Amino acid sequence: MNDITTCPCKSGLDYAACCEPYITGARKAPGPEALMRSRYTAYALQIMPYLAATLHPAQRHDYDEAGAARWARESQWENLEVVDISTESNTGKVEFKATYRRNGEKIVHHERAEFRKSGDTWYFFDGKMVGPGQVRRDAPKVGRNDPCPCGSGKKYKKCCG
């Protein structure tokens, strides 16, 4: 079907030994990471029926296949980095960063994806974007009426504040 050798999911394996068996239906993804990697590959190769089939049935009511196809077609998929994986018996989470270019702009899609197992089949259930981390202060916060930390002797609000 596709003239590719190395799998787009960046596993380092050949496509035929990695995501292709899941995408063609020859095998079911054994867990959340394999399903997430195969879904990334489906976006990269624009295999939209697989994305619809691996979406949890409870989430299919608002799936926009045409919009997803447009996004996949207009993007040049460059990299997939798996950040974290957690799996329990019938649920799993995979945090990942998918890097792609669209209109020449490099974009990193950082998501924490939730997967659910129904019977012997894993499905993508939902995803939440991961934003920048919380800012942490090394020093205590300076109040408006505290002495300025610069050492001027003035109140913070009248000096550096």
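Heavy-atom basis, side chains included; hydrogens, waters and symmetry copies ignored. All values reported here derive from a predicted model rather than from experimental measurement. Each residue takes its place number in the sequence, starting with 1.
What you find for P32 and W122 is that their closest heavy atoms are CG-CZ3, 3.7 Å. Scanning all heavy atoms of the two residues, the minimum distance from A69 to M48 falls at N-CE, 3.4 Å. Residues D120 and K117 share a closest heavy-atom pair of CA-CE, 4.0 Å. In terms of heavy atoms, C9 sits closest to Y40 at CA-CD2, 3.8 Å. Closest approach of E111 to G127, counting heavy atoms only: OE2-CA, 3.5 Å. The heavy-atom pair separating V130 from R112 by the smallest distance is CG2-N, 3.8 Å.
Here OG1 of T87 is found 11.0 Å from NZ of K93. Values are rounded to the nearest 0.5 Å. Between T99 atom OG1 and I107 atom CD1 the span is 10.0 Å, to the nearest 0.5 Å. Distance check: Q76 CD to K106 NZ gives 13.5 Å after rounding to the nearest 0.5 Å. In this structure, S38 OG and E33 CD are separated by 10.5 Å, a value rounded to the nearest 0.5 Å. The SG atom of C7 sits 9.5 Å away from atom CG of L80, with the distance rounded to the nearest 0.5 Å.
Residues Y15 and L45 have side chains in contact (heavy-atom distance under 4.5 Å, counting atoms from C-beta outward). Considering only heavy atoms from C-beta on, M36 stays 4.5 Å or farther from I85 through its side chain.
With respect to the salt-bridge test (charged N to carboxylate O, under 4.0 angstrom), the residues R116 and E114 qualify.
Listed for the R60 side chain is a donor-acceptor partner under 3.5 Å among the backbone atoms of A53.
No chain of hydrophobic side-chain contacts below 4.5 Å, direct or via other Ile, Leu, Val, Met, Phe, Trp or Tyr residues, connects F125 to L55. With hydrophobic clusters built from ILVMFWY side chains whose heavy atoms lie under 4.5 angstrom apart, Y22 shares a cluster with V82. Under the 4.5 Å side-chain heavy-atom criterion for grouping Ile, Leu, Val, Met, Phe, Trp and Tyr, Y43 is not connected to V108 through any hydrophobic cluster.
Here the options are E81, K97, E95, K128, the test is side chain to side chain donor-acceptor pair (under 3.5 Å), and the partner is H110; only E95 passes. The residue from L35, T54, T121 that alone fulfils the side chain to side chain contact (heavy atoms under 4.5 Å, CB included) condition with K28 is T121.
With no hydrogens or angles considered, no side-chain donor-acceptor pair links Y123 and S118 at under 3.5 Å.
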- Begin from the C-alpha positions of F115 and F124 and carry the test ring pair (Phe, Tyr, Trp, His ring centres under 6.0 Å) through to its verdict. CA-CA 5 Å; F115 297 85; F124 169 73; 5.7 Å; yes
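Relative ring orientation between Y100 and W71 is described as perpendicular, the plane-to-plane angle rising above 60° on a 0-90° scale split at 30° and 60°.
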